[in-house]
Amino acid sequence: MTTTLQDCQALDAQDPLRPLRDLFTLPPGTIYLDGNSLGVMPAAAPARVADVVTREWGQDLIKSWNQAGWFEAPRKVGDKIARLIGATPGTVVATDSTSVNLFKVLSAALRQSAQDRPGRWRIVSERSNFPTDLYIAEALCKDKGWELVLVEPEEIAAHLDDRLAILMLTHVNYRTGAMHDMAAVTKAAHDAGALVVWDLAHSAGAVPVDLTGAEADFAVGCGYKYLNGGPGAPAFVWVNQRHADRFWQPLSGWWGHAQPFAFTPDYQPAPGIARYQCGTQPMISLAALECGVDTVLAAEPLGGMAALRAKSLALTDLFIQLVNERCAGHGLTLVTPTEHAQRGSQVCLARDTGAYAIVQALIARGVIGDFRAGDGQRHPDILRFGFTPLYLGFADVWHAVEHLRQVLESAEWQRPEFHRQHAVT
Ligand SMILES: *Cc1c(COP(=O)(O)O)cnc(C)c1O
């Protein structure tokens, strides 16, 4: 039996998470399937940011460091993010970018491994990991004389040996949407004597994560994707409590000092995660990030991440089913795993030619996804669609697939204007 628009509208009418859509300002006529790249603006953000600028900064000036809670803001927002990733209070701080945070935790893990298991000098990651993660690891390895080994996902198990210091993985792959079993992979790496660093860029706010339960070691994640924190929002960093008395970071700026305002000439790290701050933190961006995190926390009374996950899977299942039913014969191949346990909150479709132009034609129709270039070998060009259950409905999915069908059937995507490459895809 095929699924109709009316079926999808009925699903929306029954959806208990539907009211959460009102927490966002979506431009009219837009079906936004790119919340995995830049989340939609929370409706509360403009007034909150304006208040930080005009009142906290404009009127109260430097007093706001104390009276507006600016000094604590990175840890306060970190504690809110902690609720979404299975972390305990006081173990997460919102700060810097994902790339910079990865540099900090990889440096810490390298040092810890060298102390506990000397003779291991290898970091293993996936060849298809997000490039910035690989670039940061590559530079660190070059500097320290360590070795970065890149493998395919199915080769990871064979690399868990006594040469391995750190397994560095992204939980949900940005190109394919494939998700690792965090607990199982972490345990296997620990059994091999290695530390595990997880990147949660496509997980935080998208899928349930239990860092504490998985006994992971270090984690970083992104603020502007599923946390809806705004362009360039601070990222976050987490360290397991069991490393609390010893973890370190190489960017030992004054904001990570135990007493920044004692102005002592020597560096004493702050207790706990606060030491992962380096310099003065961005208050305007943090205010916007907090609005974004609050949109995800607003689901807590409605079942929280478990309810968001159930809806996300229903949305991605529907998208896959409708593409199969309505877009067959147009050369699209599903890249994302159909198995729920292996799927993040996105669906990727591969096509030998025209993937970029098809995405551009969809964007012109108000259906915003993105394009990720292939490597000409194992990874094809893909059309990537992210699903944020906070603001997407089932009818949106139906309309998105209908637009895709029309773009393919009319060959609209072959128009020259859709082939012009932009700097950001
Ligand atoms: C989006 C993303 C990043 C982004 O890093 P920035 O430093 O914020 O630019 C890093 N890693 C992964 C896996 C990502 O998906």
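It should be emphasised that the depicted structure is a prediction, and the values quoted were computed from it without experimental measurement. Residues take their numbers from the sequence shown, with the count starting at 1. In each ligand, atom 1 is the first atom listed, and ligand 1 is the first ligand listed. Values reported hereafter were calculated over all heavy atoms of this structure, with side chains retained and with hydrogens, waters and symmetry mates removed.
- Salt bridge R351/D381: absent, no basic N to carboxylate O contact under 4.0 Å.
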Please give the N or O to N or O pairs under 3.5 Å between ligand 1 and the protein, distances rounded to 0.1 Å.
{"unit_1": "ligand 1", "atom_1": "7 (O)", "unit_2": "T98", "atom_2": "N", "d": "3.4"}
{"unit_1": "ligand 1", "atom_1": "7 (O)", "unit_2": "S99", "atom_2": "N", "d": "2.9"}
{"unit_1": "ligand 1", "atom_1": "7 (O)", "unit_2": "S99", "atom_2": "OG", "d": "2.5"}
{"unit_1": "ligand 1", "atom_1": "8 (O)", "unit_2": "Y224", "atom_2": "OH", "d": "2.9"}
{"unit_1": "ligand 1", "atom_1": "9 (O)", "unit_2": "Y224", "atom_2": "OH", "d": "3.4"}
{"unit_1": "ligand 1", "atom_1": "11 (N)", "unit_2": "D133", "atom_2": "OD1", "d": "2.8"}
{"unit_1": "ligand 1", "atom_1": "11 (N)", "unit_2": "D199", "atom_2": "OD2", "d": "3.0"}
{"unit_1": "ligand 1", "atom_1": "15 (O)", "unit_2": "H202", "atom_2": "NE2", "d": "2.9"}
{"unit_1": "ligand 1", "atom_1": "15 (O)", "unit_2": "K225", "atom_2": "NZ", "d": "2.5"}

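- The list of salt bridge (charged side-chain N to carboxylate O under 4.0 Å, His left out) pairs with a residue in residues 205-222, not counting sequence neighbours, reads D217-R242.
- For Q112, the side-chain hydrogen bond (donor to acceptor under 3.5 Å, both in side chains) partners are H243, not counting sequence neighbours.
- Residue pairs meeting the side-chain hydrogen bond (donor to acceptor under 3.5 Å, both in side chains) criterion with at least one member in residues 220-231, sequence neighbours excluded, are N228-T295.
- Considering all non-hydrogen atoms of both residues, Y276 and Q249 come closest at CE2-CB, 2.9 Å.
- Look at D396 and R21 and you find a salt bridge, because one of the NZ, NE, NH1 or NH2 atoms lies within 4.0 Å of a carboxylate O, short of that distance.
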